[in-house]
Student: 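Let me give you the structure first, and then I'll get to my questions.
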Amino acid sequence: MINLIIFGPPGSGKGTQAAKLVKKYKLQHISTGDLFRYNLSNNTKLGKEAKKYMDKGELVPDKVTIKMLKDKVESSGKVAGFILDGFPRTIAQSKALDKFLKSRKQSVSKLVMLDVPDEELKERLLERGKTSGRADDVNPKIIQNRIDVYKNTTYPVFNYYFKDRNAVKVWGVGSLETVFKRLCFEINDLEVVKKTKKLAAAKRARAKKATEKKSKAKKTSTKKASKKKAGPKLKTAKPRKKTSSKRAKKK
Ligand code: B4P
């Protein structure tokens, strides 16, 4: 089971990169931001509660967020693992996540953090705000508040996982593909990913061998069948012996 956390400040590209990572590693994507926005657009009780905080650039209370995350994991069925995008964002959320995973005999495989300077974050979010319709992306003051909340409350989560050598920073500036390659380099280094890759390669090799064996068997049976269809081989007549010249002379 692979449990990855994609971490970083608002606008660092967590959602963008998580969408690419789930395809490559065949994992289930859970974005707490997306879950809140889904509830918001459906006008649920949870959505109404979350809106009060999101619009101001504040974090939604831990109790609500942790419950929502657990419910989502539990209803996900059989999957190869998860990419948690935007969760955990507080130490309390990190502790709750570890406890929850432990109860499922699992743990966090790695936290990868996208490192992006503040100025770039502000530019990206304001740019997204022009089209996203997200209230938290249009006002520079709210964007600044989100960055401050990240620094004061969320960044300590990096150190929490770094203690166990379970967290790395990746430079998040560059093209989407370049940042993606940097993330993959870190993720491919995980033992669990190496093992999964090895198993998949062995499975492919077995399947290839089986196909080759099948096509060989098919070729032999077609050969036999065409021989049968052609009927028995006619015996070729032996060439007549030539009368030897000596015997002919005697006569
Ligand atoms: P999130 O939905 O997690 O969103 P985000 O931090 O704003 O964005 P993300 O980092 O995913 O950026 P993206 O890829 O979109 O959170 C929203 C709010 O929900 C929070 O403020 C909070 O209120 C609440 N919330 C969520 N989780 C919570 C939790 N656990 N606890 C409490 N509250 C919680 O990228 C941003 C922009 O940059 C995009 O326009 C993208 O196109 C662009 N971009 C990405 N990569 C780029 C690159 N390499 N170069 C140039 N542009 C790039």
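Each ligand, and each atom within it, is numbered from 1 in the order the structure gives.
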Student: What protein heavy atom is closest to atom 15 (O) of ligand 1, reported as residue, atom name and distance in Å?
Tutor: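 Here the nearest protein heavy atom works out to R128 NH1, 2.4 Å.
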Student: Could you tell me if any non-hydrogen atom of P9 lies under 4.0 Å from any atom of ligand 1?
Tutor: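 Yes; P9 lies near enough to ligand 1 that a heavy-atom distance drops under 4.0 Å.
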Student: Going only through I, L, V, M, F, W and Y residues with side-chain contacts under 4.5 Å, is there a path from M113 to V168?
Tutor: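 Shared cluster, no.
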Student: Under 4.5 Å between side-chain heavy atoms, hopping through other hydrophobics if needed: is there a path connecting V64 to L84?
Tutor: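 Yes, V64 connects to L84 through the hydrophobic network.
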Student: For R124, is there an ion pair with E120 - N to carboxylate O distance below 4.0 angstrom?
Tutor: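 Looking at R124 together with E120, the answer is yes, because their closest N to O distance falls below 4.0 Å.
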Student: Starting from atom 10 (O) of ligand 1, find the nearest protein heavy-atom neighbour and note its residue, name and distance.
Tutor: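 So the nearest neighbour among protein heavy atoms is K14 NZ, 2.8 Å.
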Student: Judging by distance only, is a nitrogen or oxygen of R134 under 3.5 angstrom from one on ligand 1?
Tutor: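 Yes; the residue has a nitrogen or oxygen that sits under 3.5 Å from a nitrogen or oxygen of the ligand.
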Student: Can you pull out the closest protein heavy atom to atom 52 (N) of ligand 1? Residue, atom name and distance to 0.1 Å, please.
Tutor: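 Looking only at protein heavy atoms, the one closest to atom 52 (N) of ligand 1 is R124 NE, 3.4 Å.
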Student: Is the backbone N or O of L176 less than 3.5 Å from a side-chain atom of Q17, with the two atoms forming a donor-acceptor pair by type?
Tutor: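 A pair under 3.5 Å: yes.
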Student: Please identify which atoms of ligand 1 are closer than 4.0 Å to at least one heavy atom of S12.
Tutor: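 With S12 as reference, the close atoms of ligand 1 come out as 10 (O).
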Student: Establish, yes or no, whether the cationic atom of K163 lies under 6.0 Å from the six-membered ring centre of Y160 and within 45° of the ring axis.
Tutor: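 The answer is yes, since K163 meets both limits relative to Y160.
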Student: Heavy atoms only, cut-off 4.0 Å: how does F36 contact ligand 1, side chain, backbone, both, or neither?
Tutor: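 Answer for F36: side chain.
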Student: At under 4.0 Å between heavy atoms, is it the side chain or the backbone of Q93 that contacts ligand 1, or both, or neither?
Tutor: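 Just the side chain.
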Student: Would you mind telling me if ligand 1 is within reach of the side chain of A18, the backbone, both or neither, using heavy atoms under 4.0 Å?
Tutor: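 Contact part for A18 vs ligand 1: neither.
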Student: Check ligand 1 against G174 and write out every atom of the ligand that is under 4.0 Å from a heavy-atom position of the residue.
Tutor: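 Under 4.0 Å from G174, ligand 1 has these atoms: 48 (C), 49 (N), 50 (N).
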Student: Just which atoms of ligand 1 are under 4.0 Å from any heavy atom in P10?
Tutor: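 This gives 6 (O) as the contact atoms.
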Student: Can you find a pair of side-chain heavy atoms, one from V157 and one from Y161, that are under 4.5 Å apart?
Tutor: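 Side chain of V157 against side chain of Y161, heavy atoms only: contact under 4.5 Å found.
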Student: Check if S31 has a non-hydrogen atom at a distance under 4.0 Å from any atom of ligand 1.
Tutor: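 No; S31 lies far enough from ligand 1 that no heavy-atom distance drops under 4.0 Å.
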Student: Do me a favour and list the nearest non-hydrogen protein atom to atom 33 (N) of ligand 1 with residue, atom name and distance?
Tutor: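 Residue, atom and distance for the closest contact: V60 N, 3.1 Å.
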Student: Measure the distance from atom 42 (O) of ligand 1 to every protein heavy atom, then report the residue, atom name and distance (to 0.1 Å) of the closest one.
Tutor: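 Checked against all protein heavy atoms, atom 42 (O) of ligand 1 sits closest to T16 OG1, 4.3 Å.
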Student: Applying salt bridge (charged side-chain N to carboxylate O under 4.0 Å, His left out), run through K52 and E58 and close with a yes or a no.
Tutor: CA-CA 9 Å; K52 289 190 257 171; E58 298 289 339; over 6 Å; no
Student: Give the contacting part of T65 toward ligand 1: side chain, backbone, both or neither, where contact means a heavy-atom distance below 4.0 Å.
Tutor: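 The part of T65 near ligand 1 is the side chain, not the backbone.
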Student: When the ring planes of F7 and Y150 are compared, do they come out parallel, tilted or perpendicular, using 30° and 60° as the limits?
Tutor: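 Correct class here is tilted.
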Student: Counting each atom of ligand 1 from 1 as listed, which ones have a heavy atom of E58 under 4.0 Å away?
Tutor: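 Listed by number with element: 22 (C), 23 (O).
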Student: Out of G15, G11, G57, G129, who is nearest to atom 8 (O) of ligand 1 when you count heavy atoms only?
Tutor: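 That would be G11.
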Student: For the residue pair N3 and S109, confirm or rule out a side-chain donor-acceptor distance under 3.5 Å.
Tutor: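 Not at all, the side chains of N3 and S109 share no donor-acceptor pair under 3.5 Å.
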Student: Just need the protein heavy atom nearest to atom 2 (O) of ligand 1, so name the residue and atom and give the distance.
Tutor: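 For atom 2 (O) of ligand 1, the nearest protein heavy atom is R37 NH2, 2.8 Å.
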Student: Heavy-atom contacts under 4.0 Å between Q17 and ligand 1: side chain, backbone, both, or neither?
Tutor: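 Under 4.0 Å from ligand 1, Q17 contributes no heavy atoms.
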Student: Hydrogens and angles aside, do K72 and Q28 bring a side-chain donor and acceptor to less than 3.5 Å of each other?
Tutor: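 Side chains of K72 and Q28: no pair found under 3.5 Å.
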Student: Would L27 and L97 show up in the same hydrophobic cluster when neighbours are defined by side-chain heavy atoms closer than 4.5 Å?
Tutor: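 No: no chain of side-chain contacts under 4.5 Å links L27 to L97.
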Student: Hey, any chance L111 and L114 share a hydrophobic cluster, counting ILVMFWY side chains that come within less than 4.5 Å of each other, even indirectly?
Tutor: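 Each belongs to a different hydrophobic cluster.
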Student: To check you understand the geometry: which heavy-atom pair defines the closest contact between P61 and Y53, and what is its length?
Tutor: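 Looking at all heavy atoms of both residues, the closest pair is CD-CE1, 3.4 Å.
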Student: Which residue and atom name correspond to the protein heavy atom nearest atom 5 (P) of ligand 1, and how close is it?
Tutor: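 I find the closest protein heavy atom is R146 NH2, 3.8 Å.
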Student: Identify whether I30 and V22 are in the same connected component of the hydrophobic contact network (ILVMFWY, side-chain heavy atoms under 4.5 Å).
Tutor: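 Result: no, two separate clusters.
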Student: Give the residue and atom name of whichever protein heavy atom lies nearest to atom 16 (O) of ligand 1, and the separation in Å to one decimal.
Tutor: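 In this structure, atom 16 (O) of ligand 1 has R89 NH2, 3.3 Å as its nearest protein heavy atom.
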Student: Check each atom of ligand 1 against the heavy atoms of L176 and keep those under 4.0 Å away; list them by number with element.
Tutor: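 Answer for ligand 1: 46 (N), 47 (C), 48 (C), 49 (N).
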Student: Relative to ligand 1, is K52 under 4.0 angstrom through side chain, backbone, both or neither, heavy atoms considered?
Tutor: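 K52 to ligand 1: no contact under 4.0 Å from either part.
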